[in-house]
Amino acid sequence: MIKEKANPPPASARADVARQKMLSAALDVFGRYGFDGASTRQLTEAAGVNLQAIPYYFGSKEGLYIATAEYLMARIDTHVGDMRARIGAHLLALDAAGKPLGEAEARRFLTDVLQTMVTLFVGKESESWARFLIREQMEPTEAFTRVYQGIMRPMIEIGRRLIAAILGEDPGSEHVRLRTFSLLGSILVFRVTHAAVLAQMEWEVIGPEQVQILRGLAAELVDVIGPSKGGAA
């Protein structure tokens, strides 16, 4: 019996696959070596493509770097986009109705935000994300501007709004901004100091059981938010 040959995927589909392979590989390579340290040969070998793939698909190494930042934004958005849209829509509805955000509701939303961050950033998948983002924090480029405007700023501003409602303060105040960064940092530390966390906690890995423990910690952190004992803002 003669077997029919499978039809090859269309050129557009093959191009999409090649671009995705390159972006995934570039996220890891750029995160490890930075823009200047990553060679075009490293980038193409990691993706399993030839050297001409970078100018063909992205125009240049710079074009690939910016596309990698946008790819990272899209990956993060798949995890936080629905939550951000849901909370944002609720806040807009309250504003339109001239109603304040209640403290209990703010705590519930903030717990959702932090627990989502735990699940997103302490897992294995986020290792390459963290390397890329940390480099951009230390030496920001156009890539940082895009990631900040597209992902970081909206999430920080939602956090500010929620923390302000809990504290009964202005979301734009310096105190609320500082409290917001402090709270977000208390979650991100589990990615940034990953090795120290494993050593101190005597965990071999941060797997599903550990993620649940950290999600519980996120809820605790929200529960204890309140004005300073001395009453100062």
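The figures that follow rest on heavy atoms only: side chains count, while hydrogens, waters and symmetry mates do not.
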List in chain and number order the residues that pass side-chain contact (heavy atoms from CB on, under 4.5 Å) with L178, two or more places apart in sequence or in another chain; answer none if no residue qualifies. E174

D82 atom CG: more than 12 heavy-atom contacts under 6.0 Å: no

Under the side-chain contact (heavy atoms from CB on, under 4.5 Å) test, residues paired with K99 that sit two or more places apart: L94, A97

Would you say that V205 contacts K124 through its side chain, given a criterion of any heavy-atom pair below 4.5 Å between the two side chains? no

Taken in chain and number order and not counting sequence neighbours, the residues that satisfy side-chain contact (heavy atoms from CB on, under 4.5 Å) with A218 are L114, Q115, V118, I187

Side chains of residues 47-59: which donor-acceptor partners sit under 3.5 Å, not counting sequence neighbours?
residue: N50; atom: OD1; partner: Q52; partner atom: N; Å: 3.0
residue: N50; atom: OD1; partner: A53; partner atom: N; Å: 3.2

Show me the donor-acceptor pairs, under 3.5 Å and distance only, between side chains in residues 30-40 and residues at least two apart or in other chains.
residue: R32; atom: NE; partner: D28; partner atom: OD1; Å: 3.1
residue: R32; atom: NE; partner: D28; partner atom: OD2; Å: 3.1
residue: S39; atom: OG; partner: Q42; partner atom: N; Å: 3.0

Is there a donor-acceptor pair closer than 3.5 Å between any side-chain N or O of T44 and the backbone N or O of R41? yes

Has the side chain of E157 got a donor or acceptor atom that lies under 3.5 Å from a matching backbone atom of P154? no

For the side chain of R107 and the backbone of V222, is there at least one donor-acceptor N/O pair under 3.5 Å apart? yes

Treat each ILVMFWY residue as a node, draw an edge where side-chain heavy atoms are under 4.5 Å apart, and state whether M22 and I66 are in one component. no

Does E127 pair with R131 as a salt bridge, N-O distance under 4.0 Å? yes

Of all residues at least two apart in sequence or in a different chain, which pass the side-chain contact (heavy atoms from CB on, under 4.5 Å) check with L27? T68, Y71, L72, S128, W129, F132

Between Q212 and E209, is the side-chain contact (heavy atoms from CB on, under 4.5 Å) condition met? List the steps. CA-CA 5 Å; Q212 287 305 310; E209 180 181 350; 6.0 Å; no

Would you say L217 and I213 make side-chain contact, with heavy atoms under 4.5 Å? no

